[in-house]
4 protein chains.
Amino acid sequence: MTAVVACAKSGKKGQQPRLRADALRNRERLIAAARETMVEFGPEVPLDEIARRAGVGNATLYRHFADRPELIHHVTLSVMSRTADRAESALAEESDAFQALRRFVHAAVEERIGALCPLLSDGVDRDHPDLIAARERLEAAVEAVMGAARDSGQLRTDIAVGDLMVAITQLTRPLPGNSCTNFDQFVHRHLQLFLDGLQAPARSELPGAAATLDDLRRRS
Amino acid sequence: MTAVVACAKSGKKGQQPRLRADALRNRERLIAAARETMVEFGPEVPLDEIARRAGVGNATLYRHFADRPELIHHVTLSVMSRTADRAESALAEESDAFQALRRFVHAAVEERIGALCPLLSDGVDRDHPDLIAARERLEAAVEAVMGAARDSGQLRTDIAVGDLMVAITQLTRPLPGNSCTNFDQFVHRHLQLFLDGLQAPARSELPGAAATLDDLRRRS
Amino acid sequence: MTAVVACAKSGKKGQQPRLRADALRNRERLIAAARETMVEFGPEVPLDEIARRAGVGNATLYRHFADRPELIHHVTLSVMSRTADRAESALAEESDAFQALRRFVHAAVEERIGALCPLLSDGVDRDHPDLIAARERLEAAVEAVMGAARDSGQLRTDIAVGDLMVAITQLTRPLPGNSCTNFDQFVHRHLQLFLDGLQAPARSELPGAAATLDDLRRRS
Amino acid sequence: MTAVVACAKSGKKGQQPRLRADALRNRERLIAAARETMVEFGPEVPLDEIARRAGVGNATLYRHFADRPELIHHVTLSVMSRTADRAESALAEESDAFQALRRFVHAAVEERIGALCPLLSDGVDRDHPDLIAARERLEAAVEAVMGAARDSGQLRTDIAVGDLMVAITQLTRPLPGNSCTNFDQFVHRHLQLFLDGLQAPARSELPGAAATLDDLRRRS
DNA sequence: AATGAATGAGGGTTCATTCAT
DNA sequence: AATGAATGAACCCTCATTCAT
């Protein structure tokens with residue numbers, strides 16, 4: 001009763017060392033499971049638990065990602081990409097420029113961008129080409145949102161993308177442990193307060209200098 | 001036989017088991033080392049490393065604190081107490097009420113209040129009498145600062161102590177790993193932006209409800 | 001160690017998680033090594049030593065048995081099962097009923113039934129279904145031997161299975177430490193003396209009440 | 001190095017350092033506490049617990065006994081001495097010789113002679129002069145009881161003191177763990193059965209050879 | 001390619017023993 | 001002499017990673 005299933009894929013031409021369909025599915029499941037479990041249990045969650053959530057054996061995880069940093073690398077790419085999507089759609093779909101910024105900031109919570117912070121700071125290779133590309137795309141998307149708000153005169157002019165991203169990353173970071181049931185309620189309050197601080201006119205003079213995402217790579 | 005039991009010391013209030021001088025010194029070294037290493041490496045830092053930093057053997061740590069939660073408990077008390085000190089001196093020494101608030105918020109960074117966040121959420125006993133007392137003292141001190149600013153018409157009226165404390169805790173949380181050399185530079189920018197958002201008049205309506213520190217115990 | 005999928009295997013009764021051949025071999029080696037080392041060094045023998053004896057890494061032991069109680073549980077099952085075997089073959093192969101009892105008692109030494117005593121009394125779950133089943137099988141097998149001897153008029157009538165099992169367990173318990181080279185020589189003498197005390201007619205009146213194995217679970 | 005038994009009476013002249021009265025009291029408290037806690041929790045009980053029970057600091061224990069084996073040595077002497085007392089009074093106070101043996105055997109339970117077994121087998125120096133003396137006294141006392149029973153024709157002739165002592169030691173050994181609430185009830189049943197096996201005429205031929213206490217030292 | 005199993009290194013904790021008061 | 005405190009070694013157990021099926 002062992003019907004031949006996947007082998008019948010003749011006709012597929014792979015100009016690259018293409019992943020088999022099931023392997024690709026596993027890979028994406030693993031990244032999704034890693035994002036969720038790291039948000040839920042912290043970045044130190046056992047890799048076996050991630051594999052279990054993804055419904056694959058632990059060795060399969062290692063076939064796809066050599067070690068934890070590499071897995072984190074790909075989770076980071078995933079989160080950055082989805083966050084850039086949010087920025088783009090916020091800009092496209094909101095008529096008011098500052099309202100687009102508000103929408104983006106609150107939407108970033110759902111993408112668990114707060115999980116990025118633990119992820120970025122470990123032993124990750126911050127100069128990896130894919131990461132640079134993802135960072136540039138994210139920066140461009142967020143800069144577009146901020147630029148529109150700035151151009152409309154509603155956003156103070158002494159801040160840059162890095163300032164915004166670090167702040168919302170910090171404000172949305174999950175608490176260690178897992179007890180944060182109603183925590184999101186606070187998060188949105190704090191984001192709102194922070195957004196109020198971003199509005200023009202500036203109510204105080206900021207210390208330090210405006211930061212881009214690229215600055216974060218080197219500085220923090 | 002000159003056996004005079006130590007607790008029979010007269011005059012002094014001896015409700016404590018009377019630590020020997022060197023033991024007390026070790027105890028305080030351990031708490032300080034724990035605060036610093038947890039800020040630097042996260043709350044999962046090996047206890048052996050904390051003991052090493054404190055310059056004592058690992059078992060000495062266990063003599064003073066039965067396990068990690070108990071150590072965290074005492075670090076939390078220490079941070080809360082020192083932070084309350086900061087609030088009190090800010091209020092006492094600044095003539096302008098909102099300026100006192102600004103000073104307190106920026107000073108809290110030095111007390112590593114960001115370390116409180118990981119500490120509060122773990123398996124700590126949030127109802128411990130000492131913790132309740134520390135919380136009440138901290139809340140009173142911060143409320144005094146905020147109340148003065150509110151009374152002077154400079155602080156928006158829709159926020160409470162819990163909102164402030166959680167936000168600055170999150171904004172000042174250290175990055176995992178240890179690479180955060182220039183990170184403080186950003187922290188003070190973000191706190192400044194957040195403070196600008198706190199100023200009256202309120203620029204937007206906040207979601208959720210104002211929170212006290214006691215709410216945090218139950219909610220988050 | 002609960003496989004979810006493997007049960008779908010057809011034909012064979014697959015209530016077990018389907019261990020791989022080498023894993024099953026390791027598991028049995030571990031139980032054997034545990035029985036021997038616990039007999040030799042007592043029930044507190046380091047688990048690392050057991051793993052070493054079994055020729056596997058320490059973590060392999062933990063893969064199979066979550067902790068010491070679980071390992072002890074399985075050692076107990078093993079000893080009980082093998083002891084029941086002894087009772088059954090003694091009854092089947094000896095023509096004289098009391099001689100069957102003698103043979104069983106002396107044979108139990110070789111099965112290290114003395115190891116059962118330390119094992120039964122610790123933090124083991126005495127109500128585990130497997131243990132109940134093993135206890136019932138052992139009780140039935142020993143009761144068959146005793147019943148035959150009783151029916152033949154050679155065994156005193158005021159004792160039950162629990163009395164016999166506890167006594168031989170105690171008499172055959174290994175000495176702590178490891179010096180018991182010639183100890184078995186004494187053991188067989190004492191068992192013989194005890195068996196003489198079991199013969200009918202009873203030479204004295206016994207205190208207390210006859211005990212089944214189930215009584216031991218609750219009483220001792 | 002050891003102070004001889006505490007009964008350093010006047011005849012012995014002070015070749016020993018002459019313990020102060022309170023030190024002597026501590027020493028005896030420690031031995032008593034050790035006997036009790038080892039019976040209750042097994043011979044591996046933490047020395048700190050013994051010191052706590054004795055109401056002294058842990059270092060005081062070490063002042064009196066260099067290490068665990070030395071403490072065990074003295075506990076053993078104590079138990080042997082008290083057991084010899086029991087043999088002597090049984091012989092003196094019972095008119096029937098075999099009844100004196102029964103009384104001694106059941107009385108030995110109260111002296112926790114079963115705790116001797118773990119104690120004897122560890123790293124104890126079995127050739128220590130004090131231990132030899134205690135052994136000889138115990139052997140003489142028990143041999144007197146057995147001899148009387150033998151002479152009266154009620155005790156089988158193929159057993160010696162070692163056989164009896166080992167058997168009752170084993171039969172009365174406490175179970176590891178501490179759950180043995182009603183265990184004594186069984187102990188007396190088994191001792192009674194064993195005593196029945198000791199009665200003349202012998203009902204079977206014993207394997208091995210009769211053992212003295214001195215044999216145990218070398219053989220087991 | 002996928003997986004269950006194996007493993008060594010490392011952290012948490014206890015405890016026998018030594019040290020300083 | 002007595003004691004509270006300190007300590008390192010050893011044990012239990014987990015987990016990232018590798019191996020064999």
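Every chain is numbered from 1 and lettered A, B, ... according to where its sequence line falls, protein lines coming before strand lines.
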**OP:** Mind running side chain to side chain contact (heavy atoms under 4.5 Å, CB included) on C:R53 and C:E40 for me, showing each step along the way?
**Re:** CA-CA 12 Å; C:R53 284 259 192 129; C:E40 189 167 348; 2.9 Å; yes

Separation of atom [atom1] in [X] from atom [atom2] in [N], rounded to whole Å:
X: B:Y62; N: F:dA5; atom1: OH; atom2: P; value: 19 Å
X: D:H64; N: F:dA1; atom1: NE2; atom2: P; value: 9 Å
X: B:R63; N: F:dT3; atom1: CZ; atom2: C1'; value: 11 Å
X: C:L24; N: E:dA5; atom1: CG; atom2: P; value: 11 Å
X: B:L61; N: E:dT13; atom1: CG; atom2: P; value: 9 Å
X: A:R27; N: E:dA1; atom1: CZ; atom2: C1'; value: 14 Å
X: A:L71; N: F:dC15; atom1: CG; atom2: C1'; value: 15 Å
X: B:D48; N: F:dG8; atom1: CG; atom2: C1'; value: 11 Å

**OP:** List the atom of A:L77, the atom of A:D130, and the distance in Å for their closest heavy-atom pair.
**Re:**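 Nearest heavy atoms, A:L77 then A:D130: CD2-O, 3.5 Å.
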
Subject >> Upstream residue (5' side of DNA chain F) when D:V56 and C:A59 are each assigned their closest nucleotide >> reply: D:V56

Original post:
Which comes earlier along DNA chain F counting from the 5' end, the contact point of A:V45 or that of C:D67, where each point is its nearest nucleotide?
Top reply: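 In this pair, the answer is C:D67.
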
Minimum-distance nucleotide to [X] side chain [options: [options]]:
X: C:T60; options: E:dT7, F:dA1, F:dT3; value: E:dT7
X: A:P46; options: E:dA2, E:dT18, F:dC15; value: F:dC15
X: B:N26; options: F:dA6, E:dA2, E:dT17; value: F:dA6

**OP:** Could you say whether B:L47 or C:G55 is positioned toward the 5' end of DNA chain E, judged by the nucleotide with the nearest heavy atom to each?
**Re:**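 Its nucleotide being nearer the 5' end, the pick is C:G55.
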
Original post:
For D:A66 and C:N58, take the nucleotide of DNA chain E holding the closest heavy atom to each; which residue's nucleotide lies nearer the 5' end?
Top reply: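 Of the two residues, C:N58 wins.
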
Original post:
Hey, what do you get for CG (B:L61) to CG (B:D67), rounding to the nearest 0.5 Å?
Top reply: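 So the CG of B:L61 and the CG of B:D67 are separated by 10.0 Å.
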
Original post:
Can you tell me how far the CG atom of D:L30 sits from the CZ atom of D:R27, to the nearest 0.5 Å?
Top reply: 9.0 Å

Original post:
Does any nucleotide pair with F:dA20 by Watson-Crick or G-U wobble geometry, both distances under 3.5 Å, and what is it?
Top reply: E:dT3

Subject >> Donor-acceptor under 3.5 Å (C:T76 side chain, C:I72 main chain) >> reply: yes

